[in-house]
Chemist: 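I have a structure here, written as structure tokens, and I will follow up with some questions on it.
First the proteins, then the strands, lettered A, B, ... as listed; each starts at 1. Everything numeric here is computed off the predicted structure, so don't read it as measured data.
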Amino acid sequence: MTTRLSHLFLRTLRDNPVDAEVASHRLLVRAGYIRRAAPGIYSWLPLGLTVLRRLEQIVREEMNAIGAQEVHFPALLPKEPYEISGRWKTYGDGIFVLGDRKSEEVEPRVRRPNYLLAPTHEEMFTLLVKDLYSSYKDLPVNLYQIQTKYRDEARPRAGLLRGREFVMKDSYSFCVTDEDQHAAYEAHRAAYVRIFDRLGLPAVPVAADNGTMGGSASEEFLFPCDIGEDTFVESPGGYRANVEAVTSVPPEPEAYDDAPAAVVHHTPGTDTIQTLVDAANAHHPRQDRPWTAADTLKNVVVVVVTPDGERHVAIIAVPGDRDVDFKRAEATIGSTLGIEGEISVEAAESEDFARHPGLVAGYIGPGMSLDAAHLGKDSATGIPYLADPRIVSGSRWITGANQSDYHVFGLVAGRDFTWDAPIESVVVQDGDPAPDGSGPLSTRRGIELGHIFMLGRYFSEVLGLKVLDENGKQSTVAMGSYGFGVTRALAALVEANHDDRGIIWPAAVAPADIHLVATGKGSEVFEAAEELAQQLEAAGLSVIYDDRPKASPGVKFGDAELVGVPTIVVVGRGLADGNVEVKDRRSGQAENVTLTGAVAHLVERAATLR
RNA sequence: CGGGAUGUAGUUCAGUUUGGUAGAGCGCUCGCUUUGGGAGCGAGAGGUCGCAGGUUCAAAUCCUGUCAUCCCGACCA
């Protein structure tokens, strides 16, 4: 059916919406694809829904192609499965919760949440398989759904790129053996590569943090883009990883047999790395080269905050030219320190220092000798002491002497001090070496469009998903989880495909194959355009036909470019010579084609675009 | 949760400093003209100025409170 602009529920906007910062948000609203309903929540108009459905269909086809089967869960779920998995608590404020009428336990009109709007569905998939399958013969199985998900984002932004309601494809693989699980993972990985290929989106897989649910392998598909919220690194040799997942390359340990004993120097007014380096060079210079920040050991006081609000102080030692990335620290510090739950890492505040009088701000150090350790679980202070992998045995440092205005010079790691555990926590910098030896890293921003990972057996364990194996024994099922942000990908497509006039859809998801514009006086152009539209539809092309009788040519051209269908056909002044104009939206190039040959030409063109 | 900003017509904004009873562009309706790059003329519709108090003869404008939204950061399997 030809879409007629005279009837289409569409109103394009000439002004940019005041709340839209990024291109995709601006253009999708201006071109009449979506409307904001609430912060981070959008309504879909006819054009937007068409594109969304086409995008979903591509994902569906590629999921079906790897043998995954589509199911559909409710978005509204009871809280019990999430309580069992622990995520009712660990997700915290991140989920929308609500109470039904039976939840009025305390007094009327006060409801206690006993339902949630699902942020993701691991629990439900796991329980469904548990419900129906009980034999190894039933596995492996891959299930997926394309669902609306809800997350109560603290700060929704950038239109569809970070919403509180969004469409996501999530699939899950259930296998008896790790080998099968690995195969399911690889199949999903290949399917994602094909999806991005069909969309023409240059999203790349990067090594990712496994997160709090454990698991062994994890990759994110990031679309490189300056407005992206994720930072990843890449090397010339092809190593790619999210900054949260990068591992450092430590230097070789040094021999220290001939290292002189550490010395304490009076270093007044040196409570920052810079003042310390300046003072060291001024009053205690070394022979061969000046001291730099990299010669100092910075002991950063952090606080690990538990979901209950408990504050555990810890100290992370890093070279003085480096900063601690709290987010990276968060990934592992909980398990390192044996603190359970979804923790966060923050900078220590004065109240934290107040509880640990042994910490002299600006002059903190591990102590002068192993016998008199100042930091560490077994030390005088009892404060856990973690160190960056760059601090290797034999490395020598200038660091605090735990007394105001005094520093130790020549403190040797492994000889004079030690630490409870290593930790990856420094901010990754351009030029750091890739862990696989493939060259120096450079950082880029990206939009996370997909995340695939092997979940291991966490959910199947806590929810009791076991099958009988071939020996008749209970075997806990291994799971994989694979997310794909459908609405986010739609926005990313606009980020990747637009110019200052509007959207330029790839043919694979465009709301139509042809945007047909009739312009001119008299009924001839409209009659000719009408007939052309019918012939194009009969030839299998979808058409948006601008049949508005009163709109001026400028308005029609402007709208066509804003809406972004890849091929614009103009029936107008050329008609007197038997011609129509075919314009490529992306290049802007136009050519005249005879009216009689137009259908054949456009069918051929559409075939090359697809 | 910190920092910044803004709430006036469908929309984008002016008006607030200096209080005097509501404005413009775009969009929308009607008529005539116009039709290859966001047309012209004429006539219209449309607003509890976020909300609640207060000051005042009089509040969009001043004061207090409150709510909401946006941006930056924190947060974000």
Chemist: Less than 3.5 Å apart, any donor N or O on the side chain of A/T148 or A/E165 sitting next to an acceptor on the other?
Modeler: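 Judged by distance alone, the side chains do not pair up.
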Chemist: Among B/G36, B/C70, B/G38, find the nucleotide with the atom closest to the side chain of A/P39.
Modeler: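 The closest nucleotide is B/C70.
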Chemist: With a 4.0 Å cut-off on heavy atoms, is A/E21 in touch with a base, just the backbone sugar-phosphate, or nothing at all?
Modeler: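 Sugar-phosphate: the residue A/E21, judged by heavy atoms under 4.0 Å, touches backbone atoms but no base.
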Chemist: Which part of the nucleic acid, if any, lies within reach of A/R157 when heavy atoms closer than 4.0 Å are counted: base, sugar-phosphate only, or nothing?
Modeler: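 Base: the residue A/R157, judged by heavy atoms under 4.0 Å, touches a nucleobase.
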Chemist: Nearest to the side chain of A/R151, which nucleotide is it out of B/G38, B/G36, B/A77?
Modeler: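 Taking heavy atoms from C-beta onward, the closest nucleotide is B/A77.
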Chemist: Nearest whole angstrom, please: distance from the C1' of B/G38 to the CG of A/L562.
Modeler: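 Result: 11 Å.
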Chemist: Starting at CG of A/D19 and ending at P of B/U12, how long is that distance when rounded to a whole Å?
Modeler: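 Interatomic distance, CG of A/D19 to P of B/U12: 7 Å.
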Chemist: Applying a 3.5 Å limit to both distances, which nucleotide forms a Watson-Crick or G-U wobble pair with B/A74?
Modeler: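 Paired with no nucleotide.
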Chemist: Within this structure, what is the CZ-to-P distance between A/R548 and B/G38, rounded to whole angstrom?
Modeler: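 After rounding, the gap between these two atoms is 15 Å.
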Chemist: Give me the distance, rounded to whole Å, that separates B/U17 from B/U29 when you measure between the C1' atoms they each carry.
Modeler: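 39 Å, rounded to whole Å.
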Chemist: Considering Watson-Crick and G-U wobble pairs with both distances under 3.5 Å, what does B/A59 pair with?
Modeler: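 Result: none.
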Chemist: In the strands shown, is B/A14 matched to any nucleotide by a Watson-Crick or G-U wobble pair with both distances under 3.5 Å, and which?
Modeler: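 Base partner found: none.
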Chemist: A/R164 CZ to B/C70 P: how many Å, rounded?
Modeler: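 In whole Å, B/C70 P and A/R164 CZ are 8 Å from each other.
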Chemist: To the nearest 0.5 angstrom, please state how far the NE2 atom of A/H188 sits from the CZ atom of A/F484.
Modeler: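 Here the interatomic distance stands at 12.0 Å.
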Chemist: Could you give the distance separating B/A14 and B/A58 at their P atoms, to the nearest angstrom?
Modeler: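 Their P atoms lie roughly 30 Å apart.
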Chemist: Out of B/A77, B/G36, B/G27, which nucleotide sits closest to the side chain of A/T120?
Modeler: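 Selected nucleotide: B/A77.
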Chemist: What class does the angle between the rings of A/F174 and A/Y172 fall in, given that below 30° is parallel, 30 to 60° is tilted and above 60° is perpendicular?
Modeler: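 It falls in the tilted class, 30° to 60°.
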Chemist: At under 4.0 Å, does any side-chain N or O of A/R36 touch on OP1 or OP2 of B/C70?
Modeler: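 A/R36 to B/C70 OP1/OP2: side-chain N or O found under 4.0 Å.
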Chemist: If you assign A/V555 and A/G483 each to the RNA chain B nucleotide with the nearest heavy atom, which residue ends up on the more 5' nucleotide?
Modeler: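 Taking each residue's closest nucleotide, the earlier one in sequence belongs to A/V555.
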Chemist: Any base atoms under 4.0 Å from A/P17, or only sugar-phosphate, or nothing? Heavy atoms, all strands.
Modeler: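 Sugar-phosphate contact only.
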Chemist: Is B/C30 paired to anything, Watson-Crick or G-U wobble with both distances less than 3.5 Å, and if yes, which nucleotide?
Modeler: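 Per the H-bond distance test, B/G42.
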Chemist: Using 30° and 60° as the class boundaries, would you call the ring planes of A/W505 and A/Y33 parallel, tilted or perpendicular?
Modeler: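 Taking A/Y33 first and then A/W505, their aromatic rings sit tilted (interplane angle of 30° to 60°).
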Chemist: Distance check needed: B/G27 P versus A/R35 CZ, whole Å only.
Modeler: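 Rounding to the nearest Å, CZ of A/R35 and P of B/G27 are 16 Å apart.
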Chemist: Among B/C26, B/G37, B/C13, which is the nearest nucleotide to the side chain of A/V18?
Modeler: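 That would be B/C13.
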Chemist: Using the side-chain heavy atoms of A/R14, tell me which of these nucleotides is nearest: B/C26, B/C75, B/C70.
Modeler: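 Among the listed nucleotides, the one closest to the side chain of A/R14 is B/C26.
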Chemist: B/A60 and B/G54: how far apart are their P atoms, nearest whole angstrom?
Modeler: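 So the two P atoms sit 15 Å from each other.
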Chemist: Does B/U6 have a Watson-Crick or wobble partner in any strand here, with both distances under 3.5 angstrom, and which is it?
Modeler: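 When the pairing criteria are applied, B/A68 turns out to be the nucleotide that pairs with B/U6.
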Chemist: We want to know whether A/H515 and A/E561 form a side-chain donor-acceptor pair, criterion being a heavy-atom distance below 3.5 angstrom.
Modeler: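 There is no such pair (donor and acceptor under 3.5 Å, judged by atom type) between the side chains of A/H515 and A/E561.
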Chemist: If you measure from the C1' atom in B/U21 to the same atom in B/U56, how many Å do you get, rounded?
Modeler: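 B/U21 and B/U56 have their C1' atoms separated by 14 Å.
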Chemist: Provide the distance between the two P atoms, one in B/U16 and one in B/A22, to the nearest whole Å.
Modeler: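 Pairwise P distance, B/U16 against B/A22, rounds to 16 Å.
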Chemist: What does B/C49 pair with, Watson-Crick or G-U, if both distances are under 3.5 Å?
Modeler: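 Per the H-bond distance test, none.
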Chemist: With rounding to whole Å, what would you report as the distance between B/C63 and B/G7 at their P atoms?
Modeler: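 It comes out at 15 Å once rounded to the nearest Å.
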Chemist: So, A/N579 and A/T594: side-chain donor and acceptor under 3.5 Å apart, yes or no?
Modeler: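 Short answer, no.
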Chemist: Which part of the nucleic acid, if any, lies within contact of A/R30, taking any heavy atom under 4.0 Å across all strands shown: a base, the sugar-phosphate backbone alone, or nothing?
Modeler: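 Since a base atom lies under 4.0 Å of A/R30, the category is base.
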Chemist: Indicate, yes or no, whether a donor-acceptor pair under 3.5 Å links the base of B/G27 to the side chain of A/D15.
Modeler: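 No such pair is found, so the answer is no.
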Chemist: Taking the six-membered ring for Trp and the single ring otherwise, decide whether the centroids of A/F221 and A/F196 are under 6.0 Å apart.
Modeler: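 Yes; A/F196 has its ring centre under 6.0 Å from that of A/F221.
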Chemist: At under 4.0 Å between heavy atoms, what does A/D559 touch on the DNA or RNA strands: base, sugar-phosphate, or nothing?
Modeler: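 Base, at least one base atom sits under 4.0 Å.
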Chemist: Pick base, sugar-phosphate or nothing for A/R501, based on heavy-atom distances below 4.0 Å to the nucleic acid.
Modeler: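 Counting heavy atoms under 4.0 Å across all strands, the contact made by A/R501 includes a base.
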Chemist: In whole Å, what separates the P atom of B/G25 from that of B/G36?
Modeler: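 So the two P atoms sit 26 Å from each other.
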Chemist: Rounded off to whole Å, could you give me the CG-to-P distance for the A/D325 and B/C75 pair?
Modeler: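 Spelled out: CG on A/D325 to P on B/C75 is 9 Å.
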Chemist: Partner lookup for B/G36, please. Criteria are Watson-Crick or G-U wobble with both distances under 3.5 angstrom; report none if nothing qualifies.
Modeler: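 Answer to the pairing question: none, since B/G36 forms no Watson-Crick or G-U pair.
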Chemist: Under 30°, 30 to 60°, or over 60°: which ring-plane class applies to A/F96 and A/Y150, parallel, tilted or perpendicular?
Modeler: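 Ring orientation, 0 to 90° scale: perpendicular.
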Chemist: Among the nucleotides B/G38, B/A77, B/C72, which one has an atom lying closest to any side-chain atom of A/F453?
Modeler: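 Nearest to the side-chain atoms of A/F453, counting from C-beta on, is B/A77.
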Chemist: Classify A/V570 by what it touches in the nucleic acid, base, sugar-phosphate, or nothing, heavy-atom distance under 4.0 Å.
Modeler: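 A/V570: base contact, heavy atoms under 4.0 Å.
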Chemist: Write down the distance separating the P atoms in B/U66 and B/C1, rounded off to the nearest Å.
Modeler: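 Result for the P pair: 14 Å, nearest Å.
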Chemist: Check whether the side chain of A/E561 and the base of B/G37 form a donor-acceptor pair under 3.5 Å.
Modeler: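 Side chain to base: pair present.
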Chemist: Checking the side chain of A/K169 only, and the main-chain atoms of A/Q145 only, is there a donor and an acceptor separated by less than 3.5 Å?
Modeler: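 Here the side-chain-to-backbone pair does not exist.
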Chemist: To the nearest angstrom, how far is A/F326 atom CZ from B/A74 atom P?
Modeler: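 Atom CZ in A/F326 sits about 11 Å away from atom P in B/A74.
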Chemist: Hey, which sits more toward the 5' end of RNA chain B by its nearest nucleotide, A/G558 or A/D170?
Modeler: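 It is A/G558, whose closest nucleotide lies nearer the 5' terminus.
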Chemist: Nearest whole angstrom, please: distance from the P of B/A74 to the CD of A/E153.
Modeler: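 After rounding, the reported distance stands at 14 Å.
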